[in-house]
Amino acid sequence: MASRKPIILFVVVILFIVYYLQDILYSGGSLISQLAILLFLLIGLFYYGKTAIYVHKPFFVTMWLIFYFVQAITFLFSPKEVFGTVYEAIGKASTLEQFKGISVFMLSFCMGYVISRKFGKLNENLFVYIGLAFFALAFVRYFYMLNTLLSTLKVDAVTNNSGYFIVGAFPFLPFLLKRNKVFGFVLLILSILLIMFAAKRGTIVCMLAALFFSLMFYMKMNKASVKTFFITLILLLGVSYLIYYAYESNEWLLARMEFMEDNGIGGRGLAYPILFGHWYNDTNFWTLMFGNGMAQSVTVWGNFAHNDWLELLISNGAVGVILYLTIFISMIKFLRNSSLSPIMRLSAYLCILIWFLQSIFSMGYTAISNAEYILLLGLIAGEEKVRIKTEKHNG
């Protein structure tokens, strides 16, 4: 079984890449992009059903299925358009667009999980190839967006949101480094520089957290030997200097950091209390517990929350937040009790870490681009279930 090639895995990766090549290789919003995302979602729904009928599932997978089911029901009973007329006032927003993002994110895990369970232990080269494809896509989108913003705005420096694409590919780096350390480190250095010059504070936080966690994980796995200490120290000093150099060389990033020191976190510093206050002061038990409907943060704040926890409080109430939190807690427990290889465990932890950080100051479960590392998380979770099943069969 393990020798069979999971062609469907390559299909979903290609569909994802084709979708994000819109505006680069072909017109955005064209039939090509719509067909690509439609096929991706149809495959995802099929694997959602396959995941649901598995008898023996980790607890967090069951919670994952329930969470998506709640989102689907919420969408069905919500208006198809919401209007932001206060504060940031973005105007009309489609709840279908948000649900599409949620669907791609949630169903990506199901695809990875079922594919891994179906085809048995996957060759690590698959993770290398997929990682290379996602890094290539991230770099292409990064420079495309950079060129577009600079030419459109007629400025010398911009904030490039495509830095999140690069961060999203980080969990594949352990596999790339294992395959070829020199190439892996070159890719890492290039990623660090691009993220720093993207001047997106959220991506920088994700990157720093991922690097720090990886170093600590490496030290723990290799014990506290003298060799490990010196390797870690050299890596830490080298990466720290690189980040410092990139920071000091970027006047736009320096200006943004100075602005944050003087003005806090900007509009979100106002948005977060308003959104939380709306939920906290709600006297209706139903909306307090189950929320106001999909994308209703737009009617409260005038824009999306850019914080998963507040988005869920408004959309799905306390129940939505509890389900979401349960997924994180049960995933970490699952990984801690697993017998995955160190490289698999590190990669999975990076997926969760980046996702959690994005959930705080950006968009996690509603962002289509995050499917790149959620697909990987599903593959790794399925890998562990295959190992458990094999051990029971051999035992």
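Heavy atoms from other residues, nucleotides or ligands lying under 6.0 Å from NZ of Lys50 number 12 at most. Tyr26 OH: more than 12 foreign heavy atoms inside a 6.0 Å radius. Atom NZ of Lys80 sits in a crowded spot, with more than 12 heavy atoms from other residues, nucleotides or ligands closer than 6.0 Å. Other residues, nucleotides and ligands contribute over 12 non-hydrogen atoms within 6.0 Å of the CZ atom of Phe83.
A side-chain donor-acceptor contact under 3.5 Å links Ser30 to the backbone of Ser27. Looking only at distances, no side-chain donor or acceptor of Asn303 sits under 3.5 Å from a matching main-chain atom of Glu88.
Across all their heavy atoms, Thr51 and Tyr113 have their closest contact at CG2-CD2, 3.9 Å. When all heavy atoms of Ile380 and Ala348 are compared, the closest pair comes out as CD1-N, 3.8 Å.
Gln71 contributes atom CD, which lies 4.5 Å from atom CG of Asn316 (distance to the nearest 0.5 angstrom).
Just one residue in the list Phe109, Tyr324, Tyr164, Tyr349 forms a ring pair (Phe, Tyr, Trp, His ring centres under 6.0 Å) with Trp355, and that residue is Tyr324.
Not less than 6.0 angstrom separates the ring centroid of Phe143 from the ring centroid of Phe139.
Under the 6.0 Å distance and 45° angle rule, Arg201 does not count as a cation-pi partner of Phe361.
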